[in-house]
Amino acid sequence: MCTRILEATRARAFPSSLLLVPLLVVAAAPATAAGQTSVEDAIGALPLREVGPAVAGGRIADIAVHPTDRSTWYVAVGSGGVWKTTNAGTTWTPVFDDQPSYSIGSIAIDPSSPDVIWVGTGENVSGRHVAWGTGVYRSRDGGRSWENAGLESSEHIGKVLVHPEDGNTVLVAAEGPLWSSGG
C-alpha cells in the first residue's frame, strides 16, 4: 500500500508531492520491534530545510527527467531559475543562477544526448507579474555551463522540443513581448 500511496503522490504537482512524502511515510510506517529506531524518530532528527523551488522560487513552469537516469531531474521555475536534482528530489542545486534571466518558461533534455539541456527563458503565462526572458540557452554538460542559442528578443518562451533522433533540430514556441510587437 505504501508504494501505491507514494506513486500516487509522485504523480501530483511537484510542490505538493515534496511536502506530502514525509507525512505519508510516517503514516504508512509499521510498528517497530524493540531496539529499532522508528521512522518517526528518524525523520524527527532531520532539520527542516529548503531543498529547492517548492519553497524558494514559486511557480513550476516545466520539469524534465533524464531519459536513462530517473533520479536526475531539471525543474524550470517561472520566477526562480533552473534547479537540478541527482537523487530524485532529496536535494536540489540551482544551475542557472549566473545567467541574465531568472524567469523560465520551458526546459528540455536532448533524448539522444542527455547532457545537452535546453532552457527557454521568460515564462509564458501573460500576466503583469511575469518577468521576460533573454532567449534560449543550451548546456552541453548537464547544466554546469550555458550558452545563449538565440531568440534573445522573444521575451516569453512556452515550449522547447528537441527532435528525439536529431539533437540539432529544436523547435521553440515563443510568445514575444506581452505589450508590444516583435519578438
Side-chain angles (χ1 to χ4, degrees), residues 10-18 51-54 56-89 91-183:
R10 286 188 195 120
R12 293 183 183 160
F14 176 75
S16 300
S17 65
L18 183 64
V51 294
R59 298 170 306 282
I60 304 298
D62 203 1
I63 298 173
V65 178
H66 193 286
T68 58
D69 177 6
R70 297 297 188 189
S71 62
T72 298
W73 313 340
Y74 296 87
V75 174
V77 183
S79 61
V82 176
W83 294 75
K84 179 181 181 178
T85 181
T86 56
N87 53 23
T91 59
W92 293 89
T93 303
V95 295
F96 204 72
D97 284 0
D98 293 335
Q99 303 312 309
S101 179
Y102 68 91
S103 179
I104 310 298
S106 183
I107 190 161
I109 298 174
D110 181 343
S112 61
S113 182
D115 279 340
V116 178
I117 314 301
W118 292 86
V119 169
T121 61
E123 192 180 15
N124 70 329
V125 295
S126 301
R128 294 183 310 184
H129 64 286
V130 176
W132 62 90
T134 54
V136 176
Y137 289 79
R138 175 179 46 207
S139 172
R140 297 174 191 262
D141 55 12
R144 287 188 295 278
S145 64
W146 297 92
E147 61 186 343
N148 189 295
L151 299 175
E152 290 91 345
S153 62
S154 62
E155 292 193 12
H156 302 279
I157 294 176
K159 193 67 176 171
V160 176
L161 296 172
V162 182
H163 191 283
E165 297 166 4
D166 177 12
N168 293 315
T169 302
V170 179
L171 303 175
V172 177
E175 184 176 7
L178 297 180
W179 296 282
S180 65
S181 61

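Atoms considered below: every heavy atom in the structure, side chains included; atoms not considered: hydrogens, waters and symmetry mates.
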Restricting to side-chain contact (heavy atoms from CB on, under 4.5 Å), what partner residues turn up for Asp141, sequence neighbours left out?
Ser139, Arg144, Ser145

Backbone of Thr134 reached by a side-chain donor or acceptor of Thr121 within 3.5 Å
yes

Side-chain touch Leu178/His156, heavy atoms, less than 4.5 angstrom
yes

Once side-chain hydrogen bond (donor to acceptor under 3.5 Å, both in side chains) is applied, do any residues pair with Ser180, and if so which ones, sequence neighbours excluded?
none

Hey, does Trp92 have a side-chain heavy atom less than 4.5 Å from the side chain of Val75?
yes

For the residue pair Val162 and Ala108, what are the closest heavy atoms and their distance?
CG2-CB, 4.0 Å

Side chains of Ile107 and Ile117: does their closest heavy-atom pair fall under 4.5 Å?
yes

How would you list all residue pairs meeting salt bridge (Lys or Arg N to Asp or Glu O under 4.0 Å) that involve residues 97-116, not counting sequence neighbours?
none

Restricting to ring-ring contact (aromatic ring centres under 6.0 Å, His included), what partner residues turn up for Tyr137, sequence neighbours left out?
Phe96

Apply side-chain hydrogen bond (donor to acceptor under 3.5 Å, both in side chains) to Ser106 and list each qualifying residue two or more places apart in sequence or on a separate chain.
Asp62

Can you find a heavy atom in the side chain of Val77 that is under 4.5 Å from one in the side chain of Tyr102?
no

I need the minimum non-hydrogen distance between Ser103 and Trp132, along with the two atoms involved.
CB-O, 4.2 Å

Run the side-chain contact (heavy atoms from CB on, under 4.5 Å) test against Ala173 and tell me which residues pass, sequence neighbours left out.
Lys159

By side-chain contact (heavy atoms from CB on, under 4.5 Å), which residues pair with Thr86, not counting sequence neighbours?
Thr72, Lys84

Please report the shortest heavy-atom distance between Ser154 and Gly135, naming the atom on each side.
OG-CA, 4.2 Å

Under the side-chain hydrogen bond (donor to acceptor under 3.5 Å, both in side chains) rule, collect the residues that match up with Asn168, sequence neighbours excluded.
none

Return the set of residues passing side-chain contact (heavy atoms from CB on, under 4.5 Å) with Glu165 (not counting sequence neighbours), or none when no residue passes.
His163

With a 4.5 Å heavy-atom cut-off, do Val170 and Val160 have their side chains touching?
yes

